[in-house]
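So the structure is just underneath, and the comments pick up after that.
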Amino acid sequence: MITAYLAADGLQSQLRDELARGGVEIQAEHGRLFLSEAPPLRSAWSANIWRDCVELPVASIGTAAKSLRDIQRNWAMYAPLHHRRAALIQEKLPHVSAKPVVFPAAAPTAPLGSWTLLAPDRLLAAASCSSPFANGEVELVEDKVGPPSRAYLKLWEALVRLRRWPQPGERCLDLGACPGGWTWVLARLGASVVAVDKAPLDPKVAAMPGVEWRGESAFGLDPVSVGPVDWLFSDVICYPARLLRLVERWRATGLVRNFVCTIKFQGETDHETAQAFASLPGATVLHLHNNKHELTFLLPFPQASVD
């Protein structure tokens, strides 16, 4: 059985390295799609993982579409080659809404398969995929007025994938908050936010109800001085190993219920530390559509699920 890993655009080398470290041999590459006969690997650098892929003959546009419909209803196309022929097949499949997500909203739960044309007369399809979004790409309706930076999009996407977000009255800690994009998101949700950064917040964010700024280092902050929080958020620029030590420190206190942190890589990708994050009980590490050379670490309270 074939497993296919779709790399995020521009991050093919990170995915190749991750798969090699996991002992996965790539049999073929199809654009950003890497095909392997090895058992599926939990992969942070995949925008989408296609499970249990099947190859189907393409005698005609109509028969190809029927073959896919016979498997299930909803399909997303990936077409690095033979794009026109693939588009004609996709047109004969049921329409899948591709409207941008209006936050706050949970990720869809309906199954969404993926398919591609390997050749004009042969397609590869997977009814089961790791992402509920077409090619793992989450498009959001942007707010181009309120937030002081575009970093808010990463947090919106992370919470959409988590299918939950801070509720009014919940207490949040935002480490490395300046200029305040993530604090803006949390305050708009009605949460109480302790924003920590040596640099001040954007004045509009600092003035939002429920926002408290502390001009301290995220790494020098004493957890006891903060007390219990429902959510710990971090978009701090630091080496991954240092962030891991910070997360472990806060986990050990038992003061945090949920973690959402950006793992940022400076220069080479630190796969070993990324794996250490992923190995924490209940954790998910994934590359968001709105991430760059970085991953997002999610450690939710046990009832949550992540896609």
Side-chain angles (χ1 to χ4, degrees), residues 1-9 11-12 15-16 18-19 22-58 63-81 86 89-90 92-98 101 105-119 122-139 157-158 160-164 278 282-289 295-296 298 300 303-307:
M1 192 64 69
I2 297 173
T3 300
Y5 302 86
L6 182 65
D9 193 16
L11 296 171
Q12 292 93 319
L15 178 55
R16 283 193 199 94
E18 181 187 38
L19 295 177
V24 174
E25 180 181 352
I26 299 171
Q27 267 76 40
E29 296 189 18
H30 183 68
R32 293 185 284 120
L33 194 65
F34 300 165
L35 280 55
S36 175
E37 295 175 358
L41 177 74
R42 190 179 179 190
S43 168
W45 289 103
S46 295
N48 198 10
I49 302 174
W50 302 13
R51 311 181 186 103
D52 299 330
C53 299
V54 295
E55 288 193 28
L56 299 170
V58 178
T63 58
K66 183 179 185 304
S67 295
L68 291 171
R69 290 196 305 269
D70 287 345
I71 297 173
Q72 69 173 31
R73 183 183 189 279
N74 295 331
W75 292 93
M77 175 186 73
Y78 172 64
L81 301 173
I89 296 171
Q90 186 70 29
K92 291 185 174 294
L93 297 173
H95 175 71
V96 176
S97 175
V101 176
T109 56
L112 179 63
S114 297
W115 71 277
T116 190
L117 280 180
L118 298 175
R122 186 164 52 98
L123 68 78
L124 185 76
S128 174
C129 294
S130 64
S131 176
F133 297 96
N135 299 322
E137 298 175 359
V138 183
E139 299 292 344
E157 181 180 348
V160 165
R161 289 179 179 270
L162 192 55
R163 295 196 174 97
R164 56 189 290 260
T284 297
V285 174
L286 72 167
H287 184 272
L288 303 177
H289 181 55
L295 297 172
T296 296
L298 303 173
Q303 74 267 21
S305 63
V306 182
D307 284 303

Review point. Quick one: side chain to side chain contact (heavy atoms under 4.5 Å, CB included) partners of Ala119, sequence neighbours excluded?
Key: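 If we apply the side chain to side chain contact (heavy atoms under 4.5 Å, CB included) test to Ala119, skipping adjacent residues, the hits are Asp121, Arg122.
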Exercise for review: Report the residues that fulfil side chain to side chain contact (heavy atoms under 4.5 Å, CB included) with Leu81, sequence neighbours left out, ordered by chain and then residue number.
Suggested key: His30
Would you indicate whether the side-chain heavy atoms of [Y] and [X] approach each other to under 4.5 Å?
{"X": "Glu29", "Y": "Arg16", "value": "yes"}
{"X": "Leu295", "Y": "Trp45", "value": "yes"}
{"X": "Trp115", "Y": "Ile89", "value": "yes"}
{"X": "Leu286", "Y": "Leu288", "value": "yes"}
{"X": "Arg163", "Y": "Thr109", "value": "yes"}
{"X": "Phe133", "Y": "Pro108", "value": "yes"}
{"X": "Thr116", "Y": "Pro80", "value": "yes"}

Review point. Taking the side chain from Asn48 and the backbone from Ser131, do they hold a donor-acceptor pair closer than 3.5 Å?
Key: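 Looks like yes, one N/O pair under 3.5 Å.
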Ignoring hydrogens, what is the shortest heavy-atom contact between [X] and [Y]? Give both atom names and the distance.
{"X": "Arg161", "Y": "Val138", "value": "NH2-CG2, 3.5 Å"}
{"X": "Ala76", "Y": "Leu112", "value": "N-CD1, 3.9 Å"}
{"X": "Ala126", "Y": "Arg51", "value": "CB-O, 3.4 Å"}
{"X": "Glu157", "Y": "His289", "value": "OE2-N, 2.8 Å"}

Review point. Which residues pass the side-chain hydrogen bond (donor to acceptor under 3.5 Å, both in side chains) test with Ser43, sequence neighbours left out?
Key: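 Scan of Ser43 (side-chain hydrogen bond (donor to acceptor under 3.5 Å, both in side chains), adjacent residues dropped) gives Glu18, Ser46.
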